[in-house]
Structure formats: structure tokens, C-alpha cells
Amino acid sequence: MARHLITSALPYINGIKHLGNMVGSMLPADVYSRYLRQRGHDVLYICATDEHGTPAELAAKEQGIPVADFCAQAHDAQKAVYDGFALAFDYFGRSSSAENREITQHFARRLNENGFIEERAIRQVYSPVDGRFLPDRYVEGTCPHCGYDKARGDQCENCTRVLDPTDLINPRSAISGSTDLEIRETKHLFLLQSKLENEVREWVAQHDKDWPQLASSIAHKWLTEGLHDRAITRDLDWGVPVPADTWPELAAEGKVFYVWFDAPIEYIGATKEWADQHPSTRDWKSWWYDVDTDVRYTEFMAKDNVPFHTVMFPATELGVREPWKKVDYVKAFNWLTYYGGKFSTSQKRGVFTDQALDILPADYWRYFLIANAPESDDSSFTWEHFTATVNKDLADTLGNFVNRVLSFSRKRFGDDVPAGGEPGEAETKLGEQIAGLLAEYEAQMEALQFRKAAAALRALWSAGNSYLEEKAPWLEIKTDKDGAALTLRTAMNLIHLYSVVSEPFIPATAKTMREAFALADDTAPWVTADEARALTSVPAGTPFTVPPVLFAKLTDEDLETYKERFGGTDA
């Protein structure tokens with residue numbers, strides 16, 4: 001089987017993420033990883049917190065604690081939420097790790113040796129009160145375009161216009177609030193992307209037929225506009241330091257690498273973190289170095305991260321002139337909005353991942369988000385849509401089927417799977433239908449088409465309900481007890497099949513369904529087409545239990561409560 005390296009965009013350390021962040025990167029990566037593992041592939045799913053940059057420093061300052069302590073606490077808090085969502089990372093690292101520092105500095109040295117880094121003098125905002133140069137985000141003021149008085153020096157959050165600190169009206173330090181600012185000359189390192197543009201263009205062209213249109217079009221847009229040399233250092237106290245053996249003057253000034261330079265390298269760094277925990281059995285380079293024909297590398301991210309992963313990071317990898325693994329497939333997502341508008345912490349709009357888990361178990365969210373993933377266009381979260389999906393798909397189609405079958409069988413036949421007669425025409429027809437739907441589900445998962453995969457999974461669940469309605473064992477038992485037993489045994493085999501193939505989407509519920517049957521050796525990772533046709537994995541005589549209600553239906557009262565708490569009107 002193939003080896004699959006999977007990464008999802010690193011969640012930034014500053015705060016718990018909202019549902020849009022979850023569905024745009026980590027959750028689909030987890031669903032895909034789980035599926036591949038079940039199909040027998042060797043999978044390594046890597047992620048980490050992105051811990052450098054100005055927001056981390058500012059958040060730590062606001063809390064009055066050292067930035068290293070803030071990042072350690074925030075990492076643990078985020079990891080707890082991701083554990084709650086059952087994200088099965090092989091490793092969830094930290095970009096502030098020693099491993100990432102080592103590899104980032106190695107990349108910088110190699111780029112410099114190959115002529116792709118240049119030291120340049122630039123003019124930058126300096127704050128005498130703070131005694132330091134101020135990075136873009138450390139300068140705040142009034143946007144010259146829309147008048148928003150809390151615009152940052154890199155971008156106005158209100159009108160989204162890209163800015164330079166010198167564009168701001170009445171600029172002030174985000175650290176001290178001082179308006180006594182000066183423009184002084186300082187030196188920074190620049191990555192000469194202009195010298196690598198043709199190589200990046202050729203590399204992107206190789207993937208035009210493979211990547212989804214969203215990823216490919218964003219990459220080409222950046223290339224059409226031309227790659228500009230980019231400053232890759234900042235004046236911060238927190239970050240990967242510029243190595244003193246190569247740039248002693250800048251190191252003495254405390255320069256660190258720009259977060260978007262070191263963050264993608266953390267995919268490699270986190271893999272080394274994973275390997276360093278068990279060096280005798282794990283080899284990180286076997287996944288990343290000189291392995292182009294051995295490993296298939298898939299990245300998951302929202303569309304705002306695409307330029308950095310399809311242009312900037314590939315330019316970095318190309319420039320080091322070493323055989324580092326480059327991405328094979330970029331699975332990009334559009335935005336998940338909240339009633340058509342942005343999720344906003346300050347305005348208390350939208351659901352954040354920790355809040356979601358306080359309301360309902362993870363499987364409710366996992367299924368809804370993947371079934372409505374913003375793949376071809378932006379999609380909107382509404383409580384009405386969420387409630388309808390939970391009630392129709394999870395509570396009625398799957399949950400009610402499981403409960404009806406097991407409860408009725410126990411009531412009429414006891415605690416063991418009934419025997420009944422031999423399968424007939426209805427069971428043969430059902431088996432062929434299930435095998436076909438399973439093949440469709442597999443095809444969509446292989447193609448990373450998650451909404452279509454969810455539709456195929458839902459169709460599998462619906463097929464069981466249709467069979468049950470057609471056979472109507474509650475009527476059948478009155479005239480043909482063996483026939484009713486056969487129907488229930490077949491339906492129980494469907495439940496077991498559902499428990500296996502639903503695991504990527506709803507792992508906790510899948511485990512509950514599977515454990516309902518006391519099978520002696522129930523370790524099969526997947527269901528073959530022949531097994532789907534036969535539906536005999538759970539033989540007659542197998543003891544079973546009736547699990548608690550798998551999914552509770554949401555009421556109108558629940559709906560109003562959620563809307564009142566989180567906001568529920570059009571943006």
C-alpha cells in the first residue's frame with residue numbers, strides 16, 4: 001500500500017478557532033487520514049500550532065505573561081479541543097520547537113549559499129518610547145480608505161485593504177500607545193522570489209491537471225502578478241532567530257524569521273519532533289527527504305493559505321537545492337460563513353470549537369461540517385440548516401434505523417441475532433445496492449470530494465431504511481417469523497457495515513455501533529464488495545446489546561436557544 005503524508009494548515013496560537021477553521025483544514029484531513037488507514041495505507045498526519053508573529057506577543061502582553069508561557073498554555077488548550085473533536089493526529093507539534101528552529105535555520109543558510117537571500121536596508125517605523133522597531137502589526141491607526149480607527153499597519157480589518165504602516169492616519173504603537181513614532185533605516189533579509197519565479201511557475205504547471213481549480217487558480221493569480229522579493233525577517237522578541245554564524249549583525253540586533261517563512265517548515269519540524277520521541281523506530285527523513293516516488297503528500301487548507309503553500313513555500317524548497325518533498329495535492333476550501341457573514345469573537349457572532357463541544361458531542365459537528373464543506377463555493381452555517389441536518393440524517397436516517405432494528409429484535413427474538421431463513425430476492429437486491437453505494441463512497445473519498453462522499457454515506461444509511469420499510473418485519477412476524485428474523489439479521493449486518501464505513505465521519509458513534517455486537521474477532525478495517533453483497537459479517541447467534549440513543553433530535557426550543565446565544569440573523 002502507498003505511504004501518505006498529510007498535513008493541515010497550522011492553527012494560529014492566538015485563541016480557540018471557529019467552525020470555519022475546523023472544516024477548512026483539520027477536520028477533512030482527519031477524515032481522509034482515517035479512511036486511508038482503514039484501507040490499509042501507511043499514513044502520517046502531522047499538524048502543529050503556529051506560534052510566532054506579532055499576535056502571539058500582543059496576546060501575551062495583554063495577559064501579562066511571557067510569550068513562551070502564553071504559547072504553551074494556548075497549545076494545550078487548542079490540543080484539548082482537537083482531542084474533543086477526535087482529530088487523530090499522529091503528531092501535533094509546536095512551531096516554537098527546537099526542531100523547527102534547527103531546520104528553518106538550515107533552510108535559510110542553504111538559500112543564502114545558493115544566492116536566494118539578500119540583506120537590504122529599508123525604512124521602518126521606530127518607537128523611541130518602546131525602544132524598538134515596530135513590525136507592521138505593532139503599528140495601529142486610522143485607515144485612510146474607510147476611516148476605521150483600529151486598522152493595523154499591514155491590513156485594515158474593516159475594509160480588508162492592504163496597508164503599509166506609513167499609510168495610517170495618526171499612527172500609534174500597539175505596545176505602548178505612543179504616537180511619538182519615527183521612520184528609521186534598518187536591515188532585513190529578503191527571499192529573492194523573483195529569481196525563483198520561473199522554477200515555481202514550471203512546478204505549479206506540473207500540477208494543473210491534478211489540483212482542484214481553487215488551489216490552481218490562486219497559485220496562477222499570484223504568478224501572473226509576478227513574484228516579488230519578500231522580507232523574511234522581523235523585529236520581534238519571539239521567533240526563530242537569525243543564525244549568528246551567517247548574519248552576525250542581524251542576529252545581534254535580535255532579528256527573527258517572518259512567521260510565514262518558518263511556519264510551513266514546521267510541517268517538517270513537527271515530523272522530526274514526532275521522530276525524536278522514538279528515534280529507534282521513527283525516521284522523519286523517510287517522509288520528507290528524497291522520497292518523491294515513495295510518498296504522496298496532501299495538504300489541507302482554506303483558500304487564504306493557498307498562496308503561501310503553492311508559491312512561497314515551494315520557492316523556499318526549490319531554492320535550497322535539496323530533495324525535500326513537495327506537495328502532490330493541495331485540497332483547498334472556501335469559507336464557511338455564519339449566516340453569510342464572518343465569524344467574530346468581538347461581536348459574539350458564530351460558534352467556536354470549544355463552544356460547539358459544550359453544546360453537543362463531536363460527531364454531530366463532524367458530520368454536519370463535512371457534509372456541507374465549502375468545496376466549490378463559500379457555504380453558510382445557520383442553526384436552521386444544522387438542526388434540519390442533524391434531525392434528518394443523523395437522528396432519523398441512521399440513529400432511528402439502529403434503534404428500531406435492535407430494539408424490535410430483542411423484544412421479539414431475545415438478545416442474540418436471530419437466524420431466520422435463507423436470503424431471498426430482496427436481500428440479493430439490497431446486497432447489490434449496498435456494494436454499488438460503497439463503491440461510490442470509496443470513489444468520492446479517494447477523490448477527496450467530501451460533500452459527495454457524505455452524500456454516498458447518507459445513501460448507504462437510507463438504503464437500510466428503504467429495505468426495512470419494504471420488508472416491514474413488524475408486520476412480517478405475524479405471518480412469517482423466519483422471514484422477519486432474516487430481515488432483522490440482514491438489517492443488523494447493515495448496522496455493522498455502517499459502523500465500519502462511517503468511522504471516518506463519526507468515529508465515536510461508529511465505535512458504539514460496532515460494540516453493540518459481541519463478535520469474537522471483529523478487527524476487519526474495511527468492508528469488501530463481496531462482504532457488502534453477502535451481509536453476513538454478524539452471524540446468527542451473535543449476542544448484541546441495544547445502545548443508548550445515538551443522536552438526539554433537536555427541538556424548536558433548542559434552535560431558538562442557540563440563535564439567542566450565538567446570533568442567528570443574516571449578516
Side-chain angles (χ1 to χ4, degrees), residues 6 8-9 11 15-38 45 47 49 75-92 300 333 336 338 343 350-374 379 381-383 385-399 402 445 450-451 453-454 457-458 461 498-516 547-554 558-559 561-562 565-566:
I6 296 172
S8 52
I16 299 298
K17 307 306 162 193
H18 56 67
L19 294 180
N21 183 280
M22 175 65 69
V23 74
S25 57
M26 291 173 285
L27 181 55
D30 177 75
V31 171
Y32 187 56
S33 298
R34 286 176 176 274
Y35 170 77
L36 290 176
R37 290 189 190 104
Q38 285 187 269
Y45 176 22
C47 194
T49 39
H75 171 87
D76 291 345
Q78 287 199 24
K79 181 60 164 59
V81 172
Y82 305 145
D83 288 344
F85 267 87
L87 301 183
F89 305 113
D90 288 285
Y91 191 75
F92 186 71
F300 290 79
F333 290 85
L336 176 71
Y338 186 79
F343 286 80
V351 189
F352 287 72
T353 49
D354 56 343
Q355 298 169 327
L357 294 177
D358 286 340
I359 299 170
L360 292 165
D363 281 359
Y364 289 71
W365 302 104
R366 288 178 62 102
Y367 176 78
F368 173 83
L369 290 171
I370 294 297
N372 297 281
S379 61
F381 177 94
T382 70
W383 285 109
H385 188 199
F386 176 74
T387 299
T389 300
V390 167
N391 289 348
K392 183 175 184 297
D393 295 355
L394 296 179
D396 288 345
T397 304
L398 178 61
V402 173
M445 289 292 281
F450 291 100
R451 293 181 71 145
L457 180 61
R458 184 166 56 245
W461 298 342
Y498 296 160
S499 76
V500 177
V501 302
S502 303
E503 194 265 350
F505 280 71
I506 47 174
T509 306
K511 185 173 185 288
T512 297
M513 287 192 291
R514 195 159 186 169
E515 290 178 346
V549 173
L550 298 181
F551 295 99
K553 295 192 75 166
L554 304 181
D558 292 328
L559 173 62
T561 298
Y562 299 149
R565 177 178 172 184
F566 297 101

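Just so you know, these numbers come straight off a predicted model, no measurement behind them.
- For Y364 and F386, the ring centers sit 6.0 Å or farther from each other.
- Distance CZ/F85 to CG/D354: 9.0 Å, rounded to 0.5 Å.
- For the residue pair V501 and L457, the shortest heavy atom distance occurs at CG2-CD1, 4.1 Å.
- Sequence neighbours left out, the pairs with a member in residues 500-511 that pass side chain to side chain donor-acceptor pair (under 3.5 Å) are R34-E503, D363-T509, W461-S502, K511-E515.
- Closest of all the heavy-atom pairs between C47 and A9 is SG-O, 4.0 Å.
- Note that the OG atom of S33 and the CG atom of D90 stand 7.5 Å from one another [nearest 0.5 Å].
- Checked against Y562 for a ring-ring contact (aromatic ring centres under 6.0 Å, His included), the options F381, W383, Y338 give a single hit: W383.
- A distance-only check finds a donor-acceptor pair linking the side chain of T353 to the backbone of K17 [under 3.5 Å].
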task: Dump the intermediate steps for side-chain contact (heavy atoms from CB on, under 4.5 Å) on L398 and D393, then the final yes or no.
output: CA-CA 6 Å; L398 178 61; D393 295 355; over 6 Å; no

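- Between V500 and Q38 the shortest heavy-atom distance is O-NE2, 2.9 Å.
- Considering every non-hydrogen atom in both A373 and R451, the closest pair reads O-CD, 2.9 Å.
- Between F92 and Y45 the shortest side-chain heavy-atom distance does not fall below 4.5 Å.
- Atom CG of L394 sits about 8.0 Å away from atom OG1 of T389, to the nearest 0.5 Å.
- Judged by distance alone, with hydrogens and angles left aside, the side-chain atoms of R366 form no donor-acceptor pair with the main-chain N or O of P361 at under 3.5 Å.
- No donor-acceptor distance shorter than 3.5 angstrom exists from the side chain of T387 to the backbone of L559, with no hydrogens or angles considered.
- Considering all non-hydrogen atoms of both residues, F505 and M445 come closest at CE1-SD, 4.0 Å.
- Each of L336, L369, V351 was scored for a side-chain contact (heavy atoms from CB on, under 4.5 Å) with M22, with one residue passing: L369.
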query: Between D558 and K553, does a salt bridge (charged side-chain N to carboxylate O under 4.0 Å, His left out) hold up when you go through it step by step?
result: CA-CA 10 Å; D558 292 328; K553 295 192 75 166; over 6 Å; no

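- Atom OG1 in T512 sits 6.5 Å away from atom CG in L550 (nearest 0.5 Å).
- Contact of the L554 side chain with the L360 side chain is registered, since non-hydrogen atoms from C-beta on lie closer than 4.5 Å.
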message: Working note: L36 + I6, criterion side-chain contact (heavy atoms from CB on, under 4.5 Å); need CA distance, chi angles, decisive distance, verdict.
response: CA-CA 11 Å; L36 290 176; I6 296 172; 3.9 Å; yes

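- For the residue pair F551 and I506, the shortest heavy atom distance occurs at CZ-CD1, 4.3 Å.
- Within the 4.5 Å cutoff, side-chain heavy atoms of F566 are placed close to those of Q355.
- Between the side chain of N372 and the backbone N or O of F368 there is at least one donor-acceptor pair closer than 3.5 Å.
- F300 has its side chain out of reach of V31: every pair of non-hydrogen atoms, C-beta onward, lies at least 4.5 Å apart.
- Counting heavy atoms from C-beta outward, W365 and L19 have side chains that approach closer than 4.5 Å.
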